[in-house]
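Order of the sequence lines sets the chain letters (A, B, ...), proteins ahead of strands, with each chain counted from 1.
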2 protein chains.
Amino acid sequence: MKNNRITLKDLAKDLNLSPSTISRALQNHPAISDSTKKRVQKIAEELGFTPNSIASSFRKKKTQTIGVIVPRIDIHFHSLAISGIEEFAYNKGYNVTIFQSKDSLKREKEILKILQNKMVDGVIICLGIETKNCEHFKKINKLGIPLVFYDRVPTDFDANKIVINDLESAYLATEHLIKNGCKRIGHIAGSQSTDIFKARLDGYKTALKKYNFPIDESLILYTNNLSYDEGVQCAEKYLSNEQQPDGIFCANDYTAVSVIQVFRKAEIKIPEDVAIVGFSNYPISKIIEPHLTTINDRAFQMGEAATKLLIRQIEEKDDFIKSETITLQTELIIRESSFR
Amino acid sequence: MKNNRITLKDLAKDLNLSPSTISRALQNHPAISDSTKKRVQKIAEELGFTPNSIASSFRKKKTQTIGVIVPRIDIHFHSLAISGIEEFAYNKGYNVTIFQSKDSLKREKEILKILQNKMVDGVIICLGIETKNCEHFKKINKLGIPLVFYDRVPTDFDANKIVINDLESAYLATEHLIKNGCKRIGHIAGSQSTDIFKARLDGYKTALKKYNFPIDESLILYTNNLSYDEGVQCAEKYLSNEQQPDGIFCANDYTAVSVIQVFRKAEIKIPEDVAIVGFSNYPISKIIEPHLTTINDRAFQMGEAATKLLIRQIEEKDDFIKSETITLQTELIIRESSFR
DNA sequence: CTGAAAGCGCTTACAG
DNA sequence: CTGAAAGCGCTTACAG
């Protein structure tokens, strides 16, 4: 049943041509006559010949494969990014092999080794939480395999990166609250060992300063994972504060949603009493009532941009490796939770 | 910078051994002496040798790669399934190459061809909407590449399948409404050209019959995609009905959520006036208020089960291909939207 | 426009 | 316990 695969050699025998000629004809090589090409294509079709890409990859040292490492596939942000990666790669003739690091440094290293062995043409990666330095990426660089980081990117490592303007986005979100008349604006922050959440806190503070608002540390609440449950805790903390905020910029949509729900239960009106802004434009932001003002974080576009940059690096003949950082512009989506 | 990869031959020269011996030593072949193995492993480590898996795959005709085709990656159900696939495959030493069919039959066929050429060891697939027959899978079967379908599986094609008990789940959901005292139970149905949604409608009707409830066609509303917006339309239709339902079983969570929201705006109390049950246990079901009773559709476990079955087929030596259908048991998760 | 030859880096049946 | 040899199915520089 197996092993009945047809090879170039079989076609060659059938047509009394050499395998070289068959190979070239199928690649539409200019040196081959049109009549030969037609004969070859016809018989290939008839016999159902399909080229063995592994043999070709092996010979050419080019696999047309991109390795992708994400912390988890089932996080909406990443599944959107992967979708963008697959879509762009597919249209360019590349395949995508996917791995979850589960935020484990050990696993990240293992995966990198596999990717080297598999001779992928390039790697796209969003770093795991445990990853504090990038020693393990040096070898893959030395092998000449292009690398693009997205979202969670290294700071101490010269590399291709796709990011969004987190600081500016947070600034705009906060400014939006200010312009809507909020006087005491709180912030629910993510882990400050992660750059993007540090940037969001920075953006918040920058906006307050710019408008001559005091920075009130009692209005800034810190979380570990920005989980829904942590959001509930934060909301309750705000409720027990002496002075409650009249606007809150949350570093993601989950915490924003939990705040909305806790506050509404406490008979606090949103947006009238407290205006809320989230971050990420998760599907739930369009479903929760009131609909949530948030930042579109361009996950799909990040995937596309990463793949575009990577493929350019793969296909450029230049011997030296350049490093490029592309910053995608986010978008403040104003919905009912903040508009008054 | 490139092409400095170390090969077996290099190691062999360094140690005055043959490449055969190096190869065997690295595979921990029993015929090789321990001392030799140690020497080989030591120098491999020192020189940073990593085997070229492409060469190995080519030689062994085994790629340790599983091809996965899903309609879309960014649908939560599929990203969960993929997560299960990747997790299980990784632990078994397989890699996962992923494709989106975008529900296009043409693309599904293209992808299958790529997977054949890439010599994947097996394929896991959830059929696209356009796919009505399975002619295009016959060739891959003939090549001896094992195939496992999940969720949306073919009916006219003998193959390995992973499914959930849709009919029974729908039966239990409907029965739950009955037992909670609902007298007029509606159903929001998915496209009836898709088997799983047909089964859910069937389960609903079966439960009604079992408990001697009449089947009132005016209470069954049909949608194309079970989208949030269609759910809103259905809810409005129910509101304009002469007699409103006092319980609704929705074929997915999105429509259930939209019904909850529309009804609450119309001052209809949930679950007191109308009890709602959804299907899929999407993250939103735990966030919407009241929390949504729903069916856990075991997406992650489907991915795992599909991969487990596939790998068994790949690694079993038997020449004949067996077909197996595995039905995963779902779970009714009772939350506030239906409990009274 | 076509062909012969070499070789990509492994693995493995065979021989010793 | 180790080695020599063949070969997986392509591609491509070289020759004509």
Checklist entry - For residues A/Ser23 and A/Gln27, is any side-chain donor paired with an opposing acceptor at under 3.5 Å? => result yes
Is there any protein nitrogen or oxygen under 3.5 Å from a nitrogen or oxygen in nucleotides 13-15 of chain D, and what are the pairs?
from   : atom 1 : to      : atom 2 : distance (Å)
D/dA13 : N6     : A/Arg24 : NH1    : 3.0

Next on the checklist: A/Lys106: which residues meet the salt bridge (Lys or Arg N to Asp or Glu O under 4.0 Å) condition with it, sequence neighbours left out?
Outcome noted: A/Glu110
For residues 143-154 of chain A, please give each side-chain donor-acceptor pair under 3.5 Å, one per line with the distance, not counting sequence neighbours.
from     : atom 1 : to       : atom 2 : distance (Å)
A/Tyr150 : OH     : A/His78  : ND1    : 3.0
A/Arg152 : NE     : A/Leu127 : O      : 3.1
A/Arg152 : NH1    : A/Thr194 : OG1    : 3.1

Item to check | Watson-Crick or G-U stems involving DNA chain D, each at least 3 pairs long, distances under 3.5 Å, ordered by first number | outcome: C:1-3 with D:14-16, C:5-12 with D:5-12, C:14-16 with D:1-3
Checklist entry - CZ/A/Arg5 to CZ/A/Phe49 distance, rounded to the nearest 0.5 angstrom? => result 8.5 Å
Item to check | Length of the CD-P vector between B/Gln64 and C/dC10, whole Å | outcome: 16 Å
Please produce a list of atom pairs where a protein N or O lies less than 3.5 Å from an N or O of nucleotides 6-9 of chain D.
from  : atom 1 : to      : atom 2 : distance (Å)
D/dG7 : N2     : B/Arg59 : NH1    : 3.1
D/dC8 : O3'    : B/Lys61 : NZ     : 2.8
D/dG9 : OP1    : B/Lys61 : NZ     : 2.9

Next on the checklist: Is there a side-chain contact between B/Ser23 and the phosphate of C/dC10, meaning an N or O under 4.0 Å from OP1 or OP2?
Outcome noted: no
Item to check | Distance (rounded to the nearest 0.5 Å) between B/Thr65 OG1 and A/Ile54 CD1 | outcome: 7.0 Å
Checklist outcome for this item: Sorted by chain and number, sequence neighbours left out, side chain to side chain contact (heavy atoms under 4.5 Å, CB included) with B/Gln64 holds for B/Lys62, B/Tyr94, B/Asp121
Checklist entry - Which salt bridge (charged side-chain N to carboxylate O under 4.0 Å, His left out) pairs, counting each pair once, include a residue from residues 299-311 of chain A, with sequence neighbours left out? => result none
Checklist entry - Would you say D/dT2 has OP1 or OP2 under 4.0 Å from some side-chain N or O of B/Thr21? => result no
Item to check | Residues that B/Arg107 engages under salt bridge (Lys or Arg N to Asp or Glu O under 4.0 Å), provided they are two or more places apart | outcome: A/Glu86, A/Glu87
Checklist entry - Which of residues 31-42 of chain B have a heavy atom under 4.0 Å from DNA chain D? => result B/Ala31, B/Ile32, B/Ser33, B/Thr36
Checklist entry - Excluding sequence neighbours, so at least two apart, what forms salt bridge (Lys or Arg N to Asp or Glu O under 4.0 Å) with A/Lys13? => result none
Checklist entry - Nearest-Å distance, CG (B/Leu17) to P (D/dA4)? => result 11 Å
Checklist entry - C/dT12 P sits how many Å from B/Gln27 CD, rounded? => result 6 Å
Checklist entry - When we call it a touch if two heavy atoms are under 4.0 Å apart, what does B/Ile54 touch: a base, just sugar-phosphate, or nothing? => result nothing
Checklist entry - Say you pick atom P in C/dT2 and the same atom in C/dA6; how far apart are they, in whole Å? => result 23 Å
Item to check | salt bridge (charged side-chain N to carboxylate O under 4.0 Å, His left out) contacts in which one or both residues fall within residues 33-57 of chain B, not counting sequence neighbours | outcome: B/Lys42-B/Glu46
Checklist entry - In terms of side-chain heavy atoms, does B/Ser56 have a donor or acceptor partner in B/Ser53 at a distance below 3.5 Å? => result no
Next on the checklist: Any donor-acceptor pair under 3.5 Å linking the side-chain atoms of A/Gln100 with those of B/Ser83?
Outcome noted: yes
Next on the checklist: Restricting to side chain to side chain contact (heavy atoms under 4.5 Å, CB included), what partner residues turn up for B/Ser33, sequence neighbours left out?
Outcome noted: B/Ser35, B/Thr36
